[in-house]
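Right, one structure below, let's go through it.
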Number of protein chains: 2
Amino acid sequence: MRSRADNSLAERKRQLVADELRDAALMLLATKGFDLVTVDDIVAAAGMSRRTFFRYFASKEDVVVRFLADTSADIITELAARPPAEPPSVALRHALWVPLAACNDHPEHSERARVVVRLILDTPALHARWLERQIEWRTELAAELANRRRLDPHTDPYPRMAAGMALLALDTVLQRWQPGDDEQHLAELMDQAFAVVAPALDAPAASPAAG
Amino acid sequence: MRSRADNSLAERKRQLVADELRDAALMLLATKGFDLVTVDDIVAAAGMSRRTFFRYFASKEDVVVRFLADTSADIITELAARPPAEPPSVALRHALWVPLAACNDHPEHSERARVVVRLILDTPALHARWLERQIEWRTELAAELANRRRLDPHTDPYPRMAAGMALLALDTVLQRWQPGDDEQHLAELMDQAFAVVAPALDAPAASPAAG
DNA sequence: CTATCGGTGGCACTGGGTGTCAAGTAGTGC
DNA sequence: GCACTACTTGACACCCAGTGCCACCGATAG
């Protein structure tokens with residue numbers, strides 16, 4: 001029995017089909033708008049059947065959101081790899097930078113990523129799915145933060161809120177991402193966003209009975 | 001021509017129909033789960049036609065989310081009514097308390113609100129719509145915060161992020177809302193959540209060139 | 001050559017959501 | 001009583017997203 005994650009011929013063929021569908025979908029959706037493109041339009045452009053599309057993507061939203069989410073899955077492992085003594089704001093800033101750095105590695109990929117970000121932020125249905133995905137990251141980041149500070153994630157609100165603030169910073173950067181921005185400008189936006197939340201991220205542990 | 005917001009007989013009849021649909025929907029959805037109940041089930045329980053349901057609610061999600069969102073619409077006016085000299089953390093805490101206070105005014109309403117909150121947090125589709133609604137509040141809160149501090153919301157990330165942190169605090173409270181909690185316990189949760197974000201909310205204005 | 005296995009397409013079906021139209025129900029003026 | 005108007009409702013047809021099912025096809029193993 002072959003694993004699903006190996007590099008066999010079958011697996012590469014699957015990846016090829018997925019890429020073809022994704023490219024056709026992103027091209028159509030970005031140009032014509034999300035709700036003006038049907039799945040039939042996408043599969044017609046990709047030369048495949050409607051049924052095949054749903055074997056590779058759970059929904060029409062999924063093909064868009066996953067394009068960004070896949071590159072963002074490494075933020076948790078990056079946070080876990082940061083030195084334990086590092087202040088939370090610094091560790092989180094490095095972790096959240098991973099997906100942006102991945103985008104900037106290839107300029108043409110970066111440009112398409114920016115267009116997809118715009119599409120997501122401007123389409124309510126996509127924005128909702130995007131936030132839904134962020135909820136998962138928030139939970140995982142919170143678990144890692146709780147582990148770092150030896151806090152109980154069920155009684156202490158800090159880990160979950162710190163993770164939420166970090167993702168809020170990412171959201172702010174994406175919101176302000178302009179067409180001409182290079183990697184350095186993106187880094188500046190990131191620094192500005194984290195400068196806002198850093199006082200809360202790095203604040204000493206609050207007294208539990210603050211009421 | 002009559003206004004849509006007046007208290008005419010026709011308007012009260014409309015409200016009656018909307019309440020009937022909402023009650024039937026919430027009862028079914030909360031007990032059987034969101035995706036195990038069809039719109040046909042709801043309208044059958046309410047004794048109305050499928051078409052009528054969609055005249056009163058934009059979607060199956062809408063009937064659930066609006067139940068909470070309607071009581072939460074006043075947070076912006078409350079923020080605008082707070083004294084200008086008040087620190088952002090205090091003003092926002094008071095604004096975000098409005099919907100929770102509205103819930104606690106009537107215990108039986110509060111109990112149903114808690115059940116609906118659970119339903120939303122546990123149903124991905126509903127959670128996504130809920131966050132989507134929060135984005136609107138964030139934008140309005142950000143505008144009000146920018147107005148308070150004489151900041152340009154297009155160049156300064158603070159207003160939008162401060163609004164996001166406040167909503168993050170609300171989310172944290174809702175997440176930790178337990179069956180037996182009275183108003184005082186809810187206030188404590190709120191204080192704990194705002195204690196985490198307060199250092200960022202009330203931090204002095206950062207230098208624009210923080211990169 | 002055949003059995004099997006993974007991928008594919010066709011097809012029917014459920015369910016959310018919309019446009020349209022005929023019918024019913026008030027209120028108003030005559 | 002009658003016509004006119006405004007508003008609401010239900011029924012029907014329709015579009016589209018998403019799923020279950022089955023037949024088919026190509027590659028590979030025996």
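Below, chains carry the letters A, B, ... as their sequence lines are ordered, and counting in each starts from 1. FYI, side chains are in, hydrogens and waters are out, and symmetry mates aren't considered; it's all heavy atoms of this structure.
Out of D/dT9, C/dG9, D/dG18, the shortest distance to the side chain of A/Thr52 is found at C/dG9. Nearest nucleotide to the side chain of A/Met48, out of D/dG18, D/dG10, C/dG9: C/dG9. Comparing D/dG18, C/dG15, D/dT9 by their nearest atom to the side chain of B/Thr38 picks out C/dG15. Set against D/dA17, C/dT20, C/dG17, the side chain of B/Arg51 has C/dT20 as its closest nucleotide. When the nucleotides D/dA17, C/dG17, C/dG10 are ranked by their closest atom to the side chain of A/Ser49, C/dG10 comes out on top.
Remark: C1' of D/dG18 and CD of A/Glu61 are 11 Å apart, rounded to the nearest angstrom. Rounded to a whole Å, the CZ atom of B/Phe34 is 14 Å from the P atom of C/dG15. Here the C1' atom of nucleotide D/dG18 and the CG atom of B/Asp35 are 13 Å apart, to the nearest Å. Computed from coordinates, the A/Phe57 CZ to D/dT19 P distance equals 14 Å when rounded to whole Å. Regarding B/Leu21, its CG atom lies at a distance of 9 Å from the P atom of D/dT9, rounded to whole Å. Look at CZ on B/Phe54: it is 18 Å from P on D/dC12, rounded to the nearest Å. Rounded to whole Å, the distance from NZ on A/Lys13 to P on D/dG26 is 11 Å. C/dG7 atom C1' lies 14 Å from atom CG of A/Leu16, rounded to whole Å.
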A/His109 and A/Phe67: CA distance, side-chain angles, deciding distance, ring-ring contact (aromatic ring centres under 6.0 Å, His included) verdict: CA-CA 11 Å; A/His109 182 276; A/Phe67 174 73; 5.5 Å; yes

Side chain to side chain contact (heavy atoms under 4.5 Å, CB included) evaluation trace for A/Thr52 with A/Val43: CA-CA 8 Å; A/Thr52 297; A/Val43 297; over 6 Å; no

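With a 6.0 Å cutoff to the six-membered ring centre and a 45° limit on the axis angle, A/Arg133 does not count as a cation-pi contact of A/Trp137.
Each of A/Arg55 and A/Asp40 was assigned the nucleotide of DNA chain D with the nearest heavy atom; the assignment lying further toward the 5' end belongs to A/Asp40.
Backbone-only contact: B/Tyr56 has heavy atoms under 4.0 Å from sugar-phosphate atoms and none from a base. Residue B/Val43 is classed as having no contact, given no heavy-atom separation below 4.0 Å to the nucleic acid. Residue contacts shown for B/Phe53 are absent, as no nucleic acid heavy atom lies under 4.0 Å away.
Applying the 4.0 Å criterion to OP1 and OP2 of C/dG9, one finds that A/Arg50 has every side-chain N and O outside that range.
Using a cutoff of 4.0 Å between basic side-chain nitrogens and carboxylate oxygens, B/Asp23 and B/Arg112 are scored as salt-bridged.
For A/Ser59 and A/Asp62, the side-chain atoms include no donor-acceptor pair closer than 3.5 Å.
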